[in-house]
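Model, not experiment: these values are computed from the prediction.
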Amino acid sequence: MTTNDSEVADGVGQNVAKLEANLARVEELTQRLLKVMGQGRQVPPALQGPSQELYVKAATGYMTEMMQNPAKLIEHQLAFWGKSVKHYVEAQHLLAQGKLEPASDDTPKDRRFSHGLWDTNPYFNFIKQQYLMNAAAVQQAVEDIDTLDSAEKKRLRYFSRQIVDMISPTNFLPTNPEALALAAETEGESLVAGLENMIADLEANDGDLVVTLADKSAFTLGENLATTPGSVVFRNHMFELIQYAPTTEKVHDIPLIIFPPWINKFYILDLKPQNSLIKWAVAQGYTVFVVSWVNPDPGYRETSMTDYVEDGYLTAFKEVKEICGVKKVNAVGYCIAGTTLALTLALMKKRKDTSVNAATFFTTLTDFSDGGEVGVFLDDDFVDGIEAEVNENGVLDSFFMSRTFSYLRSNDLIYGPAIKSYMMGKAPPAFDLLYWNGDGTNLPASMAVEYLRGLCQEDRFANDGFQIAGETVKLKDVTVPLCAIACETDHIAAWKSSYAGVQKMGSKDKTFVLSESGHIAGIVNPPTKDKYGHYTNSETGLTADDWLDAADKQTGSWWPLWDTWLSKKSGKKVVARQPGDSLHPVLCPAPGTYVSSK
């Protein structure tokens, strides 16, 4: 044996020993994994998926179609069989000829299969093509069912896609070439690191498998997130009121108060300085206040929508007016906080309270006749399960809300991150938006049921009226000047539904803006990035499609447009105000204490 041969043999021996050690470590971790997995909460069946009734209806409908129109279904099946068999024969023929290359590939591009081996390796390419053919066949089968109503069809379409996405070959180690190649390259270290990541996630969540989307050690509130200078100047059992320090010598007389959604924390609007809407608004010369909602525990069981209006919105208006010595404020509501802002404005109309001069709505639904993508979770099978859950525990735990919204983008927020973390052993990225996304809050029992039943399911606000604080209010009661920003690909608040709600409001002064991108990126879209554009059209009496067809496309962020609109409704310039006053002493620096509660 030569020296080189001996060195090669030693290297191989070392690699084998390293691989064996890693595999032994995997065995140890597996035992730890099995132990922690048994500690997770038992998710009620009603919150796991739609009732079996949906699938029974689908199966019955498919059989009915087959009996009434067999030709259509036979044509569909033959097309699927033909593609599958043709692909199999082509692959076998190449193999018989000794050609290790994939068969012709006409399947659509899919970013899940971006790794080169999906296209060049005949084994992995065969798996990919068969999966995509099967996925297309399932989709076509759903579309071929004509006996379901539109809502049932929408739900079946969504949940069948979830099943198909779940069984993608990318989600399993033996059929994921990228993960296998990395495991071989690292002598199994990537698998060990992946198991460690999985166990860490399970232990951090008491046995619930929640994929960590962002490096939590990379961010600290008040240090590199939510850093805009300000102070908490008021606190009650519902919220902390933050007033931000001015950065201009003069400010508009009428202050601006922002109500973020209480499903997540307020700092989505104050992530990093370069994408902080709060910091930007302060720099435009506004006295900016933000509500930081409490994260309710079971003691908030009876807290209702009325409590959010009376002890939240109306109290915040009162305190801001006192601090600034003004009679009017301008208000912003984001998502569910925009819905509740509209309820509050309608109530104030009934009470002849003119404290709000103008209102802005970010991605807000007030007309729930079309629930958009999230509407698949608003039928009784799910809502009954949520009601039972909150009646037992007093709150809807943030776990369930996070889970629901993640499944709306499961490939991006569940399977993709799980593959990178658990199969490939990669650390989660230091990504501020994903860090915020994992920082959820609970919902009080009474409020959650009122919102889901009265607004989402029964759509009372847009129709017969919604009961709030002893009054019955309707959308037409919202009469203040308003600006609404919706987002083109929003999967939570569909823009056409947002537009429909604006149309039903009683305001004579309406501005509607459609931003490109989705629920978050379309709002957190600073002018400096020049990333997403927006559409404008002053005619809000058109149908949504006609509005968009006739709209003007603008490049860049909508923030400057909003500033132009808002500045005209914010009064003259006055000397900049420092946070608080003699009756509202500074309680603590921003971002406050409520934002840190878990």
Using a 4.5 Å cut-off on heavy atoms from C-beta on, say whether the side chain of Thr175 contacts that of Tyr131. no

Quick one: are Val294 and Thr441 in side-chain contact, heavy atoms under 4.5 Å? no

Dump the intermediate steps for side-chain contact (heavy atoms from CB on, under 4.5 Å) on Phe266 and Ile278, then the final yes or no. CA-CA 10 Å; Phe266 82 89; Ile278 289 171; 4.3 Å; yes

Using a 3.5 Å distance criterion without hydrogens, assess whether the side chain of Ser114 forms a donor-acceptor pair with backbone atoms of Arg111. yes

Under the side-chain contact (heavy atoms from CB on, under 4.5 Å) test, residues paired with Ser498 that sit two or more places apart: Ala486, Phe512

Keeping Glu310 on the side-chain end and Thr315 on the backbone end, is there a donor-acceptor pair under 3.5 Å? no

For residues 465-476, tabulate all N or O donor-acceptor pairs below 3.5 Å that involve a side-chain atom, not counting sequence neighbours.
unit_1 : atom_1 : unit_2 : atom_2 : d
Gln467 : NE2    : Thr472 : OG1    : 2.4

Could you go through the side-chain contact (heavy atoms from CB on, under 4.5 Å) check for Lys496 and Asp370 one step at a time? CA-CA 9 Å; Lys496 292 183 180 180; Asp370 181 356; 6.0 Å; no

Asp545 backbone acceptor or donor facing Tyr499 side chain under 3.5 Å: no

Is there a side-chain contact between Phe399 and Val210 in this structure, where contact means two heavy atoms from C-beta onward sitting under 4.5 Å apart? yes

Would you say that Thr170 contacts Tyr415 through its side chain, given a criterion of any heavy-atom pair below 4.5 Å between the two side chains? no

Flag the pair Asp110 and Lys128 as a salt bridge only when some basic side-chain nitrogen lies within less than 4.0 angstrom of an acidic carboxylate oxygen. no

When Ser276 is tested against each of Leu271, Asp270, Val524, Leu269 for side-chain contact (heavy atoms from CB on, under 4.5 Å), which residue passes? Asp270

Pairing of Arg157 and Glu143 as salt bridge, 4.0 angstrom limit: yes

Check: Arg301 main-chain N/O paired with Ser446 side-chain donor or acceptor under 3.5 Å: yes

Residues that Tyr158 engages under ring-ring contact (aromatic ring centres under 6.0 Å, His included), provided they are two or more places apart: Phe377

Would you find a donor on one side and an acceptor on the other, under 3.5 Å apart, between the side chain of Ser597 and the backbone of Tyr594? yes

Donor-acceptor under 3.5 Å (Thr339 side chain, Leu365 main chain): yes

Could you check whether any side-chain heavy atom of Asn176 comes within less than 4.5 Å of a side-chain heavy atom of Met423, counting everything from C-beta outward? yes

Are the side chains of Ile268 and Ile520 in touch, meaning some heavy atoms are under 4.5 Å apart? yes

If I take atom CG from residue Leu347 and atom CG from residue Leu314, how far apart are they, to the nearest 0.5 angstrom? 6.0 Å

Ignoring hydrogens and geometry beyond distance, is a side-chain donor-acceptor pair present between Asp307 and Ser304 at under 3.5 Å? yes

State the OG-CH2 distance between Ser515 and Trp558, to the nearest 0.5 angstrom. 7.5 Å

Using the rule given for side-chain contact (heavy atoms from CB on, under 4.5 Å), can you reason through Thr107 versus Phe113, listing the C-alpha separation, both sets of side-chain angles and the distance that settles it, and then say yes or no? CA-CA 11 Å; Thr107 54; Phe113 303 99; over 6 Å; no

Can you list the residues that meet the salt bridge (Lys or Arg N to Asp or Glu O under 4.0 Å) rule with Lys265, with sequence neighbours excluded? Asp439

Not counting sequence neighbours, list each pair that qualifies as a salt bridge (Lys or Arg N to Asp or Glu O under 4.0 Å) and has a residue in residues 336-346. none

Summary of side chain to side chain donor-acceptor pair (under 3.5 Å) pairs that have at least one residue in residues 390-399, sequence neighbours excluded: Glu389-Asn393

Distance-only check: which donor-acceptor pairs under 3.5 Å involve side-chain atoms of residues 448-457, not counting sequence neighbours?
unit_1 : atom_1 : unit_2 : atom_2 : d
Glu450 : OE1    : Met305 : N      : 2.9
Arg453 : NE     : Glu387 : OE1    : 3.3
Arg453 : NH1    : Asp380 : OD1    : 2.9
Arg453 : NH1    : Gln457 : OE1    : 2.9
Arg453 : NH2    : Asp384 : OD1    : 2.7
Arg453 : NH2    : Glu387 : OE1    : 2.7
Gln457 : NE2    : Leu378 : O      : 2.8
Gln457 : NE2    : Asp380 : OD1    : 3.1

With sequence neighbours left out, the residues meeting side-chain hydrogen bond (donor to acceptor under 3.5 Å, both in side chains) with Trp562 are Thr360

Check: Tyr334 and Leu277 side chains under 4.5 Å, non-hydrogen atoms: no

Quick one: list whatever passes side-chain contact (heavy atoms from CB on, under 4.5 Å) with Ser369, sequence neighbours left out. Asp367, Asp459

Calculate, to the nearest 0.5 Å, the distance between atoms OG1 and CD belonging to Thr366 and Gln503 respectively. 10.5 Å

When rounded to the nearest 0.5 angstrom, what is the spacing between CD1 in Ile386 and CZ in Phe400? 9.0 Å

Less than 3.5 Å apart, any donor N or O on the side chain of Asp201 or Tyr422 sitting next to an acceptor on the other? yes

Kindly write out the residues that satisfy ring-ring contact (aromatic ring centres under 6.0 Å, His included) with Tyr308, not counting sequence neighbours, or none if the list is empty. Trp262, Trp293

Given side chains that start at C-beta, do those of Leu514 and Trp547 come closer than 4.5 Å, heavy atoms only? yes

Below 6.0 angstrom between ring centroids: does that apply to Phe259 and Phe317? yes

More than 12 foreign heavy atoms under 6.0 Å from CD of Gln139: is that the case here? no

Name of the residue among Asp208, Leu202, Leu209 meeting side-chain contact (heavy atoms from CB on, under 4.5 Å) with Asn205: Asp208

Return the set of residues passing ring-ring contact (aromatic ring centres under 6.0 Å, His included) with Phe219 (not counting sequence neighbours), or none when no residue passes. Tyr435

Got a sec: does the CG of Asp464 have more than 12 other heavy atoms crowding it under 6.0 Å? no

State whether Lys154 and Asp379 are salt-bridged, where the test is any N-O pair (Lys NZ or Arg NE/NH1/NH2 against Asp/Glu carboxylate O) under 4.0 Å. no

Does a donor on one side chain and an acceptor on the other come within less than 3.5 Å for Asp546 and Thr543? yes

Would you check if there is a donor-acceptor pair between the side chains of Asn134 and Gln130 at a distance under 3.5 Å? no

Here the gap from Ile127 atom CD1 to Leu132 atom CG, rounded to the nearest 0.5 Å, amounts to 12.0 Å

Taken in chain and number order and not counting sequence neighbours, the residues that satisfy ring-ring contact (aromatic ring centres under 6.0 Å, His included) with Trp495 are none

Do the side chain of Asn197 and the main chain of Ser421 share a donor and acceptor less than 3.5 angstrom apart? yes

Counting distance only, does the side-chain N/O of Ser497 pair as donor-acceptor with the main-chain N or O of Phe368 below 3.5 Å? no

Measuring from Met238:CE to Asp311:CG, what's the distance to the nearest 0.5 Å? 6.5 Å

Can you tell me if Ser292 uses its side chain to pair, donor with acceptor, with the backbone of Glu240 under 3.5 Å? no

Spell out, as yes or no, whether a donor-acceptor pair under 3.5 Å connects the side chain of Asn442 to the backbone of Val395. no

